[in-house]
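To start, the structure under review is shown below, and the notes come after it.
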2 protein chains.
Amino acid sequence: MVFDMLDDRSKQVLCAVVQSYINSPEPVGSRFVTKKYPLGCSPATIRNIMADLEEFGFLSQPHTSAGRVPTDRGYRFFVDTLLNTEKTHEGDEISKEFVRQFTRKLEGIKNDLNVMFSEATNTLSVMSSYVGVLIPPQPEKITFKKIDLIRYKGSNVVVILLTDEGIIKNRVMRVDPLVTQEDLSRIADYLNSEFSGLILDDIRGMLVKRMKDEKVLWDKLISKAIKVCEQALSFSEDEIFVSGLYDVMDLPDFSNIARIKELSRAIKDKHTILKLLDEFSDAEGVQVVIGDENPVEDLRNLSIVTAPYKEGNRPMGVIALIGPTRMDYLKAISMVGAVAKCVSRTFRD
Amino acid sequence: MVFDMLDDRSKQVLCAVVQSYINSPEPVGSRFVTKKYPLGCSPATIRNIMADLEEFGFLSQPHTSAGRVPTDRGYRFFVDTLLNTEKTHEGDEISKEFVRQFTRKLEGIKNDLNVMFSEATNTLSVMSSYVGVLIPPQPEKITFKKIDLIRYKGSNVVVILLTDEGIIKNRVMRVDPLVTQEDLSRIADYLNSEFSGLILDDIRGMLVKRMKDEKVLWDKLISKAIKVCEQALSFSEDEIFVSGLYDVMDLPDFSNIARIKELSRAIKDKHTILKLLDEFSDAEGVQVVIGDENPVEDLRNLSIVTAPYKEGNRPMGVIALIGPTRMDYLKAISMVGAVAKCVSRTFRD
DNA sequence: ATTAGCACTCTCATTATTAGAGTGCTAAGG
DNA sequence: CCTTAGCACTCTAATAATGAGAGTGCTAAT
């Protein structure tokens, strides 16, 4: 396929252009290539090759007398080469050390998921200087294990939710004052016996269904109980973790305000980005989406590098970096991979 | 004082310039004033007045042949006039209705503080199109009432904290496996009997002190208990609620990227902004800080409108709007006031 | 005290000009 | 047949020149 339409030297030229442009965002000319990436031929030759590459759609010219700039397709080729040659793992000496240290750091805070997730997102963005994003496990991925309902001061109830993955969530909610602690315990027992081992989302569905089906049969209390359960289980806060939106403004790619607004808008629309990234939770390893490959309008000028994190073999959520298409893919890929590995590892225990 | 150095017509001219400039950010000329704000005199007269106002430091010219622009001092005068004439309450018919509706909305979600706070911040920013900020109650403001420590699955402990203000916070933490539920109950009892009615911050200080003083005397378990307490009470998440950073970019005042970065930086530095705003928590009613009056470097080009929200008479935290100095102060002041009122009202029950 | 009139100033948009970078093409050389 | 030197050509971006327009400050008259 694509790899075959180019001879070795063409590939080298393409990669040279991409690397140079990633390094600094100025159109790269033929003379510059020969100086910086000695391929043993003259500018004229490079020019010919570049013309070909342009014809294939890997490069383009901002205007007639400028150098070349990679197209999204050009980046794609570059990334595929990167991923194929496994050059990605070249930085493993650094990476190994990083994974070790960072895993230890996560160990220390893993009992508070929110803290752990924001730490991961932060690290990602700080080290890459792109925008770090993390999608927490979605309800449809979480297995229910045990629930406790504890009456608390008047009509408040503390819900403590324990899942198979060891995730503990807790929240306070309000119930009808008529519901006693005893009732709550009964409700909890009911939930625990009926639904243990099932997935949160399904449970919620089942509850709603039961509520409808047997509305007439069940007594008031039970009906109320179901309502409590449903509330208790709606933990989907539609929340995602984002970090680095500020530092990204220092990149020349975001020197014009329209770009920043695009990015902000895309991130602000949590639902869309959640849906988008969630699709990668089943993927194997690091995935890259480049510029116009992106289904979301506002992200057409950006690239996304994602990797799922897992609990054992089951995918839990997604970690991602969002940056300009002119992104340091090598770094981004290994960073996302490493952080995903750390988080997964922490989940395992 | 300041009010006396200007005759009535001068004040009118100043206010006209400010209003016009707030309305659209273009230097306003003498001719324009006579057209839009009929004061019964000619452009030439206005010119004379404007020259005076400039001498006093209320107006300035971007360049010789441009119209006038308000200085920060000019805005200050305008705002003081606004606050003095109580014109602020002119919009009360709208305001009243808003307060009623919004209070009801808050009622529905007040049992989850996080939700309530972000709702308040959101509303503020959406309706004003500036950046909404909310400082949650700080540990030194929260009165301890009761704590529960519940062992949960292995070495996890659920901490449920109840305060005088009815704030319930809960979190999961990890303790030494040797500590039993019985120990935890004893610890909780100890805390409840010793510290009820005191302020969180003080309690923490006392705990630390005890830990030091009696280190040798107390047995291992007690020492561990103290440690648990301290952890349990460190609820200061240094978190603030921010909303509207995105929409603010649409304002012409933020068309250049430096401004956005300034604003982002200021907000990102949560500690600074927290400290800054916290100083207004004891103030009475709405306060306005304009441009260079601001102690924080990054906020010198911005204005802040703040108001404390209270539980009864005790100030709890602060609500604020951050926007350009060319801010619609009338709107901002009444919005911040209204939202603060709603939040306070919700706290009362 | 106010105002009409006018000269003056400064900005901003428009146009012209030029240096520089980089290309594409052609023709010569291995 | 691939490579390369040479050269004309193209396009940009920076700089300068020009002029219209807006708004002022000042003066002299009311």
Side-chain angles (χ1 to χ4, degrees), chain A residues 5-14 16-21 23-71 74 252-253 255-256, chain B residues 5-14 16-21 23-71 74 252-253 255-256:
Chain A
M5 55 200 304
L6 298 182
D7 57 55
D8 265 6
R9 199 173 49 186
S10 302
K11 290 180 190 174
Q12 287 177 324
V13 172
L14 176 52
V17 173
V18 172
Q19 276 169 352
S20 165
Y21 193 71
N23 188 255
S24 105
E26 271 145 36
V28 1
S30 54
R31 214 181 101 88
F32 182 85
V33 171
T34 58
K35 288 263 170 187
K36 268 282 189 139
Y37 305 79
L39 300 175
C41 58
S42 76
T45 311
I46 299 292
R47 274 204 288 283
N48 287 328
I49 296 174
M50 279 174 145
D52 292 345
L53 287 172
E54 183 166 3
E55 226 168 280
F56 286 135
F58 293 125
L59 297 179
S60 75
Q61 284 179 294
H63 54 267
T64 338
S65 81
R68 255 65 172 215
V69 161
T71 61
D253 312 77
S255 61
N256 93 59
Chain B
M5 55 202 302
L6 297 183
D7 58 54
D8 263 6
R9 200 173 50 185
S10 300
K11 289 180 190 174
Q12 287 178 324
V13 173
L14 176 51
V17 173
V18 172
Q19 276 169 352
S20 165
Y21 193 71
N23 188 253
S24 104
E26 270 147 37
V28 359
S30 55
R31 214 182 101 87
F32 183 84
V33 171
T34 59
K35 289 263 169 186
K36 268 282 189 141
Y37 305 80
L39 300 174
C41 57
S42 77
T45 311
I46 300 291
R47 275 204 287 282
N48 287 327
I49 297 174
M50 278 174 145
D52 292 344
L53 288 172
E54 181 164 5
E55 229 169 276
F56 285 135
F58 292 125
L59 295 178
S60 76
Q61 283 181 294
H63 55 267
T64 338
S65 81
R68 254 66 172 216
V69 162
T71 61
D253 312 77
S255 62
N256 94 59

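Below, chain A is the first sequence line, B the second, and so on; all start at residue 1.
Residue-to-nucleotide proximity on DNA chain C shows that, of F32(A) and P62(B), the 5′-proximal contact is made by P62(B).
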Is there a side chain to side chain donor-acceptor pair (under 3.5 Å) between N23(A) and S20(A) once you walk through the steps? CA-CA 5 Å; N23(A) 188 255; S20(A) 165; over 6 Å; no

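The side chain of S42(B) sits closest to dT3(C) out of dT3(C), dG25(D), dT4(D). In the set dT4(D), dT23(C), dG25(D), dT23(C) carries the atom at the smallest distance from any side-chain atom of R68(A). Counting only heavy atoms from C-beta on, R47(B) has its side chain closest to dC26(D) among dA21(C), dT3(C), dC26(D).
Evaluation of atom-type donor-acceptor distances gives no pair under 3.5 Å for the side chain of R31(B) against the base of dG23(D). One can find a donor-acceptor pair under 3.5 Å joining the base of dC11(D) and the side-chain atoms of S65(A).
Without hydrogens or angle criteria, T71(A) side chain to G57(A) main chain gives a donor-acceptor distance under 3.5 Å.
Between N48(A) and T45(A), the side chains place no donor N or O within less than 3.5 Å of an acceptor N or O (distance only, hydrogens not considered).
Counting to the nearest Å, the C1' atom of dC26(D) and the CG atom of D52(B) are 14 Å from each other. Going from atom CG of N48(A) over to atom P of dG22(C) covers 17 Å, rounded to whole Å. The nearest whole Å value for the distance from the CD atom in E54(B) to the C1' atom in dG23(D) is 13 Å. In this structure, I46(A) places its CD1 atom 10 Å from P of dT23(C), rounding to the nearest Å. Following rounding to the nearest Å, I49(A) (CD1) and dT4(D) (C1') show an atom-to-atom distance of 12 Å. Atom P of nucleotide dC2(D) and atom CZ of R9(A) are separated by 10 Å, given to the nearest angstrom. Counting to the nearest Å, the P atom of dA21(C) and the CD atom of E26(A) are 12 Å from each other. For the pair Q61(B) CD and dT9(C) C1', the interatomic distance rounds to 11 Å; values are reported in whole Å.
The phosphate of dC11(D) has OP1 or OP2 within less than 4.0 Å of a side-chain N or O from T64(A).
Of all the heavy atoms in S60(A) and P62(A), the pair that sits closest is O-CD, 3.9 Å. Taking every heavy atom of both residues into account, C41(A) and I46(A) meet most closely at SG-CD1, 3.7 Å.
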